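Everything numeric in this text was worked out from a predicted model, so none of it was measured. Protein chains get the first letters and strands the later ones, always in sequence-line order, with residue 1 at the start of each.
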Number of protein chains: 2
Amino acid sequence: MTQTNDPATVQAVRTMFDIVEYVAERDGVTITEVATDLGYAKSTIHRHFSTLHELGYIVETPTGYQVGLRFLEVGHTARVRQRGHRMVKEKVENIAAETGERAQFIVEEHGEGVYIHRAFGERAVRTDPGIGSRIPLHATSAGKAILASMDEKRSAELIEAINFDPITEFTITDSEQLYDELEAIRERGYSFNRQENLNGLHAVGVAVSGPDGEVIGALSVSGPSHRMQGTWFEEELPKLLLGTANELELNIAHS
Amino acid sequence: MTQTNDPATVQAVRTMFDIVEYVAERDGVTITEVATDLGYAKSTIHRHFSTLHELGYIVETPTGYQVGLRFLEVGHTARVRQRGHRMVKEKVENIAAETGERAQFIVEEHGEGVYIHRAFGERAVRTDPGIGSRIPLHATSAGKAILASMDEKRSAELIEAINFDPITEFTITDSEQLYDELEAIRERGYSFNRQENLNGLHAVGVAVSGPDGEVIGALSVSGPSHRMQGTWFEEELPKLLLGTANELELNIAHS
DNA sequence: CATTCCGTTCCGCGATACCGAACAGTATTA
DNA sequence: TAATACTGTTCGGTATCGCGGAACGGAATG
C-alpha cells in the first residue's frame, strides 16, 4: 500500500499515522469514509480508531471523528523544550508590535522550517500558517538564515534533500544558486525573501544561535511586498532583527 | 505485557504511544534507556524509533532523542478547530489584562479539562500549566462550570468515571457533593474553586455554550487566594466573566 | 416497510512485531 | 594502548496479531 516498506519499521504505526494525518486535515470524518479514501478495510480503521480513542488521540464529536487534543499535549512539550522559548516569544511579540507587521520564529526540523512563535502587528494581514506548520527552508527568509548559519556539513545534507520545484516564479531552483545566496547571507548576517514562497510577500530573517555556536532558529518579519521595500526593508528591519537576535543570544547564553 | 489486551485494538500502536509518552516527559533519551525502563527489547525500541524518526514524530538532538514538532502540527489543527478559537483567544487576553490575573479557556475532552488558551495579567504568577495540559474537571472552576452546563446524561457519564481521590484538603470527594455543587452553579451561572486543586489558588469560571446549547468550554480567572476574595472575587469577577461569555456566545452564534 | 448509511463483530490466514543475541562503533576508563 | 561500558545496529526464528472480507445490527432517511 504505502511504498517504503522498510522492513526495519513498524507497519502498524505507519498505517496509524496515515490515518491520523488524514483525519487531521479534515473536520470530522466517519470510519467508512476513511476506509474507502485510504484503501483500508473498515475493520482496520475501526480497530485503529478504537485504539486511538481509548488513548485519547482521537475523539468523537457531533460532526464525526477528529484528532484529539492529546496530540497538542505531547506536541507542546516538544515546543517548550526549544531553547529560550519564553524569551523568544516575548521578542517575537515585541518585533510585531514595533514593526506593525507579522513576526515569527522558525526552527529547523527534518529539513523543514517549523513555526514555533508568531505574532501580528497592527497592519499585519492575519493570514494563518499556524504554530507547528511547516515551510520550505530554501524559499523563506528564516529558512535561508538557518541554513546559512548552521554547520556546513549538516546544511549540505539538508540541501541535498531539498525539492527544488519552483513554488513561485522567484523561487531558488538549484543548489548552486542557493549556495551563493547562503554565502551572501553569511557575509551580511541577514536574509531576504522576495516572493520566493508566496506571491506578494517579502520577508527578512536573522538566525539565532546558542552559546556553542549551534543555530537554534531564526527570527523573521514578513509583510506585503509593497510595504516591505526601500531602506525600511533593506536596512531598518535587518538592523532591528540583528539587534534582537543579539539580545536573545546573550540572554540564552546566560540561562 | 501491557494489561488491557483488548483484542479489538492494535498492540503496536499501544506500545508506540507508550514509548512516545515516555519520551515526551523526558528531555532527551537513549534507546537502551527506554528499553530498560519500559521493559521492551532494544530492537523493539529501535524499530519504533526508526519508524517515528522517518515520519518526523521523533528527532535526534545532541542530548538524545526527543518528540518531534510534528505532534505540534497535528495537535494544533485539533486546537484551532475548537469553535470560535480566535475570538476566545482575544477574550482570554482581555480578561487577563483587565484583571491582572491569569485567565484561561478550558475545554473538556475524554473526561478531563484541557488548556486551549491562557494569558497572564500584570500581577499573575507565571507558573506554567502549558497549552494542552490536562486538569481534573471536578476540582477546577472551569471544569465544574463545564460539567454544570453540559447535557445531564453526558455529565453523569463523566462523573461516573471521576477519580475522587482528594488532591488538596478542599477537593470534592464524592459525587453527591459534586452534584449539589453543580446544581448551585447552574443557579448562579458561575463556579468557584477555592484551593480544591492547588493550595493557595482560587478561581472563578463560567461556561461558554454554542448556539445549539451544547457547551464549548469555559473561561476562568485564577490567582492567589489572598487576592481572590471579597466582592472582587465573589461579584466583580463573575460579572466580568459572565459578560465576556455572553459576548462570546453571541459572536460565535453569528459566525 | 425498504433502503442506505453508519459502526460493529467475527474468523482464518499470512504477514510481522516481538525478543534475544551477536555485532559495531565511540567515549571513558585503567 | 587496551579494556570497559556505554551507545546504536543488524539478523533470524517463532508465535503473535494485524489485516481484509463478509456478515451483522442499528439508526436515520425515504
With both distances kept under 3.5 Å, what pairs with dC6(C), Watson-Crick or G-U wobble?
-> none
Mind calculating the distance between CZ (Arg14(A)) and C1' (dA15(C)) to the nearest angstrom?
-> 15 Å
Of the candidates dC17(D), dC19(D), dG20(C), the side chain of His48(A) sits closest to dC19(D)
Indicate whether OP1 or OP2 belonging to dT7(D) is found under 4.0 Å from a side-chain N or O atom of Thr32(B).
-> yes
Rounded to the Å, how far apart are Phe49(A) CZ and dT9(C) P?
-> 16 Å
Look at all strands and tell whether Ser43(B) reaches a base, only sugar-phosphate, or nothing, counting heavy atoms closer than 4.0 Å.
-> base
Met150(A) CE to Ser155(A) OG distance, which is reported to the nearest 0.5 Å = 6.5 Å
Between CD of Gln11(B) and C1' of dC17(D) the distance, given in whole Å, is 9 Å
Flag the pair Ile116(A) / Leu69(B) as yes when at least one side-chain heavy-atom distance between them is below 4.5 Å, and no otherwise.
-> yes
Tell me, with the steps shown, if Arg26(A) and Asp37(A) meet side-chain contact (heavy atoms from CB on, under 4.5 Å).
-> CA-CA 12 Å; Arg26(A) 308 249 162 166; Asp37(A) 277 21; 3.9 Å; yes
Report yes if at least one side-chain N or O of Thr44(B) is closer than 4.0 Å to OP1 or OP2 of dC18(C); otherwise report no.
-> no
Let me know the distance between CD1 of Ile45(B) and P of dA17(C), rounded to the nearest Å.
-> 14 Å
Between C1' of dT16(D) and CZ of Arg47(A), the distance in whole Å = 13 Å
For the pair made of CE in Met16(B) and P in dG18(D), what is the distance, rounded to whole Å?
-> 14 Å
Any N/O donor-acceptor pair, Lys42(A) side-chain to dG20(D) base, under 3.5 Å | no
Roughly how many Å is it from OH in Tyr40(A) to P in dG21(D), rounded to a whole number?
-> 13 Å
His53(A) and His110(B), any side-chain heavy atoms less than 4.5 Å apart = yes
Taking the side chain of Tyr65(A) as its heavy atoms from C-beta onward, which of dC19(C), dC18(C), dG7(C) lies nearest to it?
-> dG7(C)
Base-pairing mate for dC13(C) - Watson-Crick or G-U, with both contacts under 3.5 Å = dG18(D)
Within the pair His46(B) and dG8(D), is there a side-chain N or O less than 4.0 Å away from OP1 or OP2?
-> no
From dG20(C), dG7(C), dG18(D), pick the nucleotide closest to the side chain of Val10(B)?
-> dG18(D)
Thr15(A) side-chain N/O to dC19(D) phosphate OP1/OP2 under 4.0 Å = yes
Side chains of Val208(B) and Leu219(B): closer than 4.5 Å at any heavy-atom pair?
-> yes
Interatomic distance, Ile31(A) CD1 vs dG25(D) P [rounded to whole Å] = 18 Å
